[in-house]
2 protein chains.
Amino acid sequence: MANIHDVAQRAGVSIATVSRMLSGENIRNRAAVEGAIAELGYRPNASARGLRLGRHHTIAVIVPDIANPYFATLVRGIEERVMTKGFRIIVASSDEQFTAEREVLGGLIDAVDAVAIVPAEASDRTHRMLADLGKPVVLIDRTVGDDPEFDLVHVDNAGGARMAAEHLLSLGHRRIGIISGRQETLPGQVRHKVFLDTLSSAGVQVEPEDTKIGEFTRSFGERAAQEMIAANTGITAVFVGNNTMAQGALLSLHAAGVGIPGRLSFLCFDDFDLAELLPSPVTVISRPAIAEGHAAADLLLARIDDLETGRQRKFMHKVLPVALTVRQSCAAPATS
Amino acid sequence: MANIHDVAQRAGVSIATVSRMLSGENIRNRAAVEGAIAELGYRPNASARGLRLGRHHTIAVIVPDIANPYFATLVRGIEERVMTKGFRIIVASSDEQFTAEREVLGGLIDAVDAVAIVPAEASDRTHRMLADLGKPVVLIDRTVGDDPEFDLVHVDNAGGARMAAEHLLSLGHRRIGIISGRQETLPGQVRHKVFLDTLSSAGVQVEPEDTKIGEFTRSFGERAAQEMIAANTGITAVFVGNNTMAQGALLSLHAAGVGIPGRLSFLCFDDFDLAELLPSPVTVISRPAIAEGHAAADLLLARIDDLETGRQRKFMHKVLPVALTVRQSCAAPATS
DNA sequence: CACGTAACTGAAAACGTTTACAGTAATTCC
DNA sequence: GGAATTACTGTAAACGTTTTCAGTTACGTG
């Protein structure tokens, strides 16, 4: 494997001249150096460059679980965008554990230029940990602590929840259930609150027994739906806070023979594969995961650029639009 | 950010002594060094270590598309396993392009210890490119070139295809269609061939007009199913070579109002989310993506170990079992 | 006590690259 | 022609870590 010394010797110049040419400076005998590089198949050593420059052209991407389709798509969006600028991504799954985040980032922070993270916790300790990294950070979907010390990208949770509530109201639903994610997370809290507030301003209240709050997991969705079925409180519609919980809830409703939308209208935040092929194709608030990844990447790349040019810029808060995708899982409540 | 010089100064020893202690050697004043490390929050610089050692504790993982649920799960399996050995993963999506693979690997090969790849091509040029990397490589699912110069992990394509054929035969199907992936790829070829051979040994032939071969994509699946519907040759069952194509085929069949299994029995290789919730829950050959990732990681970690101990070992070829998961998309052909 | 050995130490060099500084040659201007 | 300026060069040091080699100290044995 050829190094810069080999190239310099072959071209009859110093290693400094080779390096300069690679950095875009003019040199006298460009042809000889280019020829040597091609003949030797030379590529600069990334570790050496990173060590000398303190810049690695690498982004750390931390998500709860790379196998989750939403996060996988988000990562794809980030990858696509940073790749166009010669960057690559290191990926790690946190399993919603702060300790995993801290461990991973501690071990690789001096080999990356910036961090994109879907944080496990909204806590002050996460806030501090991220601030102490001394690298640009973009939060995705969720906030940490109180100070606006990081860039943030998220979808229009409020707008989506409002659309969901209005859709169910417009169909005539008045006894409505909700399955929400953890209230310490931005998506969990905002979707929940805005859905309730929108109903409330139309004079509709969601009862405590019709409210389930827990993890954004499939198994929680299953359990929540099972409990609602068992409680049999007469809800005619349910709003589920994300697609993973919704998949679990659908399994339970199916197993219990609950007809959708005949007995229960069903609407969830986030789309998922084959939603349109289910017995009652699911009405969803759909979001652009790829675009969200692109937006996060753009914010980080801009931040990295700022570091090099010495520019100071305020923290950005970017909100991506969502859309109501009406399929067939919602109908007016049965009159009997 | 503290470096090893800071630690050495604070502990009153040389940097060599600090380094030795970190490498597990005995030193006289261990307490002082450990104390200095803790007080300064010192972590070794990964780039410097990698440069000096030529070892990075990093694995490159190249898959066609990280947003594809199967590959995302595979990557998760790899991540889980290598992480237990202090390794991390750099991920890139090739979009089934050799040129992307070559570009990505060229840029990061000196920053990683090994490569796990689902190659875009079975070609000699891919074989050569991977061999020239001079690092351990494990192929996943697909082979390259002819020589067995790499470790390989794949699922039991032959076993799965055989089970699929036998299942349809046992139900009495005699006019059967097949939608297969590219024949230059191991999964595409083996699943196709063994399915046909199994039918053939029971005296059943698949007609050319009932055979569709193309990309392992959803859109190809859609198109293939559309063509089969339009051809209306009277097939009573179809076997689809993977889950992505199957999802596309299901969309087309649904749109055309083709009843499953009433008019057409449907069976595919690979499972997918919510398969059991479809109007006719899909019968699949299911495979263990996480376990496949684990197996690939284990082979690579063993290879890395070999490099350090100087051990020579033959190339491994690991085959993971698949299973027939019977749901309700297959029935005996209608008698009318 | 003298000698040999084991255990540890620090200085220096290595890994591959970038760049500051001093030097040289060529060009331009007065 | 001489002085100033520009454009380029190579040497040496930097980045943070690991490890070789030479040196020192402590211990055990005859």
Side-chain angles (χ1 to χ4, degrees), chain A residues 1-34 36-37 40-58 86 106-113 133-135 307-308 310, chain B residues 1-34 36-37 40-58 86 106-113 133-135 307-308 310:
Chain A
M1 185 78 349
N3 66 27
I4 201 167
H5 290 276
D6 302 323
V7 173
Q9 183 176 46
R10 196 179 187 92
V13 296
S14 75
I15 58 173
T17 302
V18 176
S19 187
R20 286 197 187 93
M21 193 200 80
L22 290 171
S23 301
E25 292 182 37
N26 277 339
I27 66 164
R28 287 202 195 106
N29 202 349
R30 170 173 285 270
V33 178
E34 280 175 342
I37 287 170
L40 294 171
Y42 167 74
R43 280 180 179 268
N45 183 296
S47 293
R49 258 194 183 171
L51 179 60
R52 182 61 174 80
L53 288 181
R55 280 186 293 107
H56 307 272
H57 285 92
T58 305
L108 62 73
I109 196 58
D110 55 15
V112 301
D113 303 310
L133 295 178
K135 299 280 169 81
L307 275 188
E308 296 182 1
Chain B
M1 190 78 347
N3 66 26
I4 202 167
H5 289 275
D6 301 324
V7 173
Q9 181 176 45
R10 196 178 186 91
V13 297
S14 75
I15 59 173
T17 302
V18 176
S19 187
R20 285 199 187 92
M21 193 199 81
L22 290 171
S23 301
E25 293 182 35
N26 277 338
I27 65 164
R28 290 204 192 106
N29 203 350
R30 170 174 283 271
V33 178
E34 281 175 343
I37 286 170
L40 294 171
Y42 167 74
R43 279 181 180 268
N45 182 297
S47 293
R49 258 194 183 171
L51 178 60
R52 182 61 175 78
L53 289 180
R55 278 187 292 105
H56 307 271
H57 285 90
T58 305
L108 61 74
I109 196 58
D110 56 13
V112 302
D113 303 309
L133 295 179
K135 299 278 169 82
L307 274 189
E308 295 180 2

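Labels below follow one simple rule: chain letters A, B, ... track the order of the sequence lines, proteins then strands, and each chain is numbered from 1. All values reported here derive from a predicted model rather than from experimental measurement.
Residue R55(A) contributes atom CZ, which lies 15 Å from atom P of dT17(C) at whole-angstrom precision. Rounded to an integer number of Å, the gap from H5(A) NE2 to dC15(C) C1' is 9 Å. Atom CG of L40(A) is separated from atom C1' of dT17(C) by 16 Å (rounded to the nearest Å). Rounded to whole Å, the distance from CG on L22(A) to P on dT19(C) is 11 Å. When rounded to the nearest whole Å, the span between CZ of R28(B) and P of dA6(C) equals 16 Å. The distance between atom CD1 of I15(A) and atom P of dC8(D), rounded to the nearest whole Å, is 20 Å. Note: CE (M21(A)) to P (dC8(D)) measures 14 Å, nearest angstrom. For the pair D6(B) CG and dT17(D) P, the interatomic distance rounds to 9 Å; values are reported in whole Å.
Nucleic acid contact for L51(B): base, since at least one base atom lies under 4.0 Å from a heavy atom of the residue. At the heavy-atom level, R49(B) lies under 4.0 Å from the strands shown only through sugar-phosphate atoms. As judged by a 4.0 angstrom heavy-atom cut-off over every strand, S19(A) is placed among the base-contacting residues. Residue contacts shown for N26(B) are limited to sugar-phosphate atoms, with no base heavy atom under 4.0 Å away. Using a 4.0 Å heavy-atom distance criterion, V13(A) is classed as a sugar-phosphate-only contact.
Using a 4.5 Å heavy-atom threshold, the side chains of I37(A) and V33(A) count as touching. The side-chain heavy atoms of N45(A) and N3(A), taken from C-beta on, include no pair separated by under 4.5 Å. H56(A) places none of its side-chain heavy atoms less than 4.5 Å from the side chain of R49(A). Between S47(B) and D110(A), every side-chain heavy-atom pair lies at or beyond the 4.5 Å cut-off.
Comparing atom distances between the A16(B) side chain and each of dG10(D), dA11(C), dG16(C) picks out dA11(C) as nearest. Among the nucleotides dT20(D), dT18(C), dG16(D), the one closest to the side chain of R52(B) is dG16(D). For N45(A), taking side-chain heavy atoms from C-beta onward, the closest of the listed nucleotides dT19(D), dG10(D), dT17(C) is dT17(C). The side chain of T17(A) sits closest to dT9(D) out of dT17(C), dT9(C), dT9(D).
Between S14(A) and dT11(D) there is no side-chain polar atom (N or O) within less than 4.0 angstrom of OP1 or OP2.
Within 3.5 Å, no donor on the side chain of R43(B) pairs with an acceptor on the base of dG16(D), nor the reverse.
Sequence order on DNA chain C of the closest nucleotides to N29(B) and A46(A) puts N29(B) first from the 5' end. Each of I27(A) and M1(B) was assigned the nucleotide of DNA chain D with the nearest heavy atom; the assignment lying further toward the 5' end belongs to I27(A).
Across K135(A) and V112(A), no two heavy atoms sit closer than the pair NZ-O, 2.8 Å.
Atoms NE2 and OG, on H5(A) and S14(A) in that order, are 10.0 Å from each other to the nearest 0.5 Å.
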